[in-house]
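Below you'll find the structure, written out as structure tokens, and then a few comments.
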Amino acid sequence: MSDLVLFSKHDGIAVITINNPPVNALSPGVPEGILEAIEKTDRDDSIKGAVLIGGGRTFVAGADIKEFGKMTSRERDRSAGMLPMLLRIEDCRKPVVVAIHGTAFGGGLELAMAGHYRVAVAGAQVGQPEVKLGIIPGAGGTQRLPRLAGVAAAVEMCAGGKPVSAEQALKYGIIDRVIEGDLLAGALAFAREAAGKPFPKTRERTGKLGSPEQNAAVFAAARETARNKQPGLTAPLAAIEAVEAAVNLPFDEGCEVEQKLFAECLFSDQSKALIHVFFGEREVGKIPDIPKETPLIPVNSAAVVGAGTMGGGIAMVLANAGIPVLVKEADQAALDRGVATIRKNYASSVKRGRFTQQFVDDCLKRIQPTLSFDGFASVDLVIEAVFEGMALKKEIFKELDRVCKPGAVLASNTSTLSIDEIASSTARPEFVIGTHFFSPANVMRLLEVVRGKATSKEVIATCMQLSKRLGKVAVLVGNCMGFVGNRMFGPYRREAQFLVEEGAGIEAVDNALCGFGMAMGPLATGDLAGLDVGWRIRKEYRHLQKPGVRQPFCEDKLCELGRYGQKTGAGWYKYDEQRRSASDPEVARLVAGWVAEAGIPQRKVGADEIADRCLYALVNEGARILEEGFALRAVDIDIIYLNGYGFPAYRGGPMWHADTVGLKRVYERICEFHERHGENWRPATLLKQLAEQGKTFAQFSRDQSATA
């Protein structure tokens, strides 16, 4: 018997324990070990039943996702997968009771459903989340689940990917009993009850399948929901089709349909991109020059300077993580406004069911409003979140240097300004770091951690680790203007504005990018963030612009008219009291007048050119950032854009998308734009090199990490 699967006997009941820490993934060797244990159970006449259980902290969290990559690269033959092993469990002559704690997700639930009975502790969860990786269950999950839970529940779980609690699984019929107390003892007792009695095979159950006519409305509604809630994704629709096969076909034929759909999804660009994202979110936490054993600074208390939109959101994030936080403002009115907004945001979360009232009450107790720096001397971390102006930030950091204890982390929530210059106003630059939260900070997952030239490894490691506690995905970036996200966002929005000035409609530009899968178009995004933010930055850095290089100007003119976007009720679009947008003929009239005056020729611009201009501007700037070392890896850029800028996960991020298109094609298109539109489109040296070598950004990142 393999070390991955342990076998023992308890008074006539076999106990088969999966022992593949940390999450008991179904890696090679585990299914084979389970099969061997089932065969042993079947042969031994002294055994009356079996309990299949997970060792450690969970049952089985799913398949080994690395195996999917091996299948698509043909490194490993898919063959029949786990299906034969699951059929063998069902055909065992002794009742097999599956005991679930932690999670039974994906292949873990498929394994559990092949047992004759399932029991679980109250805190367990079960689910088929494969759609989040762009695939569907591939070992009978779409065929067995409707037989246990009914068609509507199976469709919702397979197409939506959300797990359900043990209590809900009991109601659905996925599990047969919730065990109070010790799981193994309860499962053994259940197995003894079942021993010697007839027991069901899941694949032979048909009572909950209904008829095609009865289920037609369920499938139609599920398809509409998938198209609305998961636009552009193919896996949810494939999952619905597979569950439909369970209703229309015998089990074996349904499994054949599932296998075909699974293979189509697995080999799709969407699945490859989503698996890239899955591993990418783990990869970004690895910093080559910061060892795992780097000591961390304990963060048990914090302070935030500024109670505006960002400061208030950051205070909520800290309080939500159980960290007491001082929130400072310059005057009482601003402080009162900030606290009122925090309370309003929490009330909204309670109303939506995200938080309980008790949780919110506890969080509010942790947030202490203040008008002075009194109390800052004892905190472990300060995050400055004031207006984006260098003079003000340096003044605040000078004061923080004076009042904060030695060893406190001093962080700035700047989105564009130099961390090194901010740190220069202190006598402790090694403790200064950038923590660029994204708005709204209490909702958005991304945190850019900005490394200054003097920032210590301990401070970096502390902030990267703290991000996990705060529920954020942190990406370490270098200190350049705009860091990674906003530095790339500039060219992206620049091209959107140029396109409007050249004759593309405002809505046509946004629709082209939404059609690609972006959460919002670039012009609507500007309205949401506030057009004045970019306007202010452009004015501050006007002296850095190269003479003679074209710059967009219509957005600045909108700002001069007080059209800042949603907050003023008008920007590129107009907005009602609920901030719902509508096209504004006045803007089209204004733009037409301005471009005529500037002598810019007008032309028809297609959706493909709009998408290429905006997206390849992102890619070209991303290549420069990689080349200059301000991002560690291409995947770091991808994770930033997926979590901070609404880039569609099923396209893997801008750099992965470029790799998928092919860097030779991307480079050739950028060369076209360079010839037609000038200096803004000079191809990045790295992009040119990789295109000529037939390589990808992902390969460049691997080569770099190998030499780091």
Side-chain angles (χ1 to χ4, degrees), residues 1 5-19 24 26 30-55 59-60 82-102 104 107-122 124 126 139-141 143-149 166 169-208 251-252 255:
M1 188 69 59
V5 179
L6 310 178
F7 185 91
S8 60
K9 288 196 279 188
H10 290 246
D11 296 328
I13 304 295
V15 175
I16 304 166
T17 305
I18 300 169
N19 180 42
N24 288 330
L26 294 167
V30 175
E32 293 83 353
I34 295 169
L35 182 59
E36 188 181 341
I38 291 292
E39 297 282 8
K40 192 170 182 178
T41 299
D42 224 359
R43 287 194 305 268
D44 190 334
D45 291 339
S46 71
I47 295 175
K48 305 303 179 192
V51 169
L52 177 61
I53 193 167
F59 175 62
V60 173
M82 288 205 313
L83 272 173
M85 185 266 286
L86 300 184
L87 291 171
R88 183 64 188 91
I89 293 172
E90 271 185 328
D91 289 339
C92 183
R93 293 176 298 121
K94 323 282 176 65
V96 177
V97 178
V98 180
I100 301 168
H101 71 296
L109 181 55
E110 289 180 301
L111 171 63
M113 291 190 294
H116 305 113
Y117 302 100
R118 284 147 296 283
V119 299
V121 296
V126 303
Q143 305 304 296
R144 286 189 176 90
L145 189 55
R147 286 169 161 81
L148 291 175
L170 182 65
K171 288 177 185 171
Y172 281 157
I174 300 169
I175 65 171
D176 300 287
R177 184 178 296 172
V178 173
I179 300 294
E180 303 289 338
D182 183 72
L183 176 61
L184 179 58
L188 287 167
F190 192 105
R192 289 190 186 98
E193 288 174 38
K197 299 174 187 170
F199 49 84
K201 293 181 183 180
T202 303
R203 70 177 187 262
E204 293 176 358
R205 297 185 181 195
T206 57
K208 291 187 176 182
F251 179 82
D252 290 344
C255 285

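Considering every non-hydrogen atom in both V178 and L170, the closest pair reads CG2-CD2, 4.0 Å. The two residues Y117 and P198 make their nearest non-hydrogen contact at OH-O, 3.8 Å. In terms of heavy atoms, I100 sits closest to A104 at CG2-CB, 3.9 Å. Across all their heavy atoms, L83 and G140 have their closest contact at CD2-N, 3.9 Å. Residue V97 comes nearest to A187 through the heavy atom pair CG1-O, 4.3 Å, listed as atom of the first residue, atom of the second, then distance. For the residue pair A166 and A120, the shortest heavy atom distance occurs at CB-CB, 4.3 Å.
With contacts defined as side-chain heavy-atom distances shorter than 4.5 Å, the pair V5/E36 does not qualify. Taking 4.5 Å as the limit, some side-chain heavy atom of I18 sits within range of a side-chain heavy atom of L52. Proximity of L111 to F59: side-chain heavy atoms (C-beta onward) are separated by under 4.5 Å at one or more points. Using a 4.5 Å cut-off on side-chain heavy atoms (C-beta onward), I16 and V96 make no contact. Counting heavy atoms from C-beta on, the side chains of H10 and V51 never come closer than 4.5 Å.
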Item to check | Derivation and outcome, side chain to side chain contact (heavy atoms under 4.5 Å, CB included), residues K9 and D44 | outcome: CA-CA 11 Å; K9 288 196 279 188; D44 190 334; 3.0 Å; yes
Checklist entry - When you look at R203 and C255, which way does the side chain to side chain contact (heavy atoms under 4.5 Å, CB included) test go after all the steps? => result CA-CA 10 Å; R203 70 177 187 262; C255 285; over 6 Å; no
Next on the checklist: I'd like to know whether F251 forms a side chain to side chain contact (heavy atoms under 4.5 Å, CB included) with L87, so could you lay out the CA-CA distance, the side-chain angles of the two residues, the decisive distance to 0.1 Å, and finally the verdict.
Outcome noted: CA-CA 11 Å; F251 179 82; L87 291 171; 4.0 Å; yes
Item to check | CA sep, side-chain torsions, deciding dist, call: N24, V30, side chain to side chain contact (heavy atoms under 4.5 Å, CB included) | outcome: CA-CA 8 Å; N24 288 330; V30 175; over 6 Å; no
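R205 places no side-chain N or O within donor-acceptor distance of the main-chain N or O of R147, the cut-off being under 3.5 Å. The backbone N or O of M113 lies less than 3.5 Å from a partner atom in the side chain of T202, making a donor-acceptor pair. Looking at D176, its side chain does come within 3.5 Å of a backbone N or O of R118 through a donor-acceptor pair. K94 places no side-chain N or O within 3.5 Å of a backbone atom of K48 that could act as its donor or acceptor partner. K197 places no side-chain N or O within 3.5 Å of a backbone atom of P95 that could act as its donor or acceptor partner. Judged by distance alone, the side chain of H116 and the main-chain N or O of E90 form a donor-acceptor pair under 3.5 Å.
A salt bridge between D42 and R88 is present, with a side-chain N of the basic residue lying under 4.0 Å from a carboxylate O of the acidic one.
When each of L184, L6, T41 is paired with V15, the side chain to side chain contact (heavy atoms under 4.5 Å, CB included) condition holds for L184 and for no other.
If you take CG on L148 and NZ on K208, they are separated by 7.0 Å, rounding to the nearest 0.5 Å. Annotation: the span from T17 atom OG1 to I34 atom CD1 amounts to 10.5 Å, rounded to 0.5 Å. The CD1 atom of I38 sits 10.5 Å away from atom CG of L86, with the distance rounded to the nearest 0.5 Å. We find the CG-CG distance between L183 and L188 to be 9.0 Å, quoted to the nearest 0.5 Å. Taking CZ from R93 and CZ from R43, the interatomic distance works out to 10.5 Å, rounded to the nearest 0.5 Å. For the atom pair CG (D252) and CD (Q143), the distance works out to 10.0 Å, reported to the nearest 0.5 Å.
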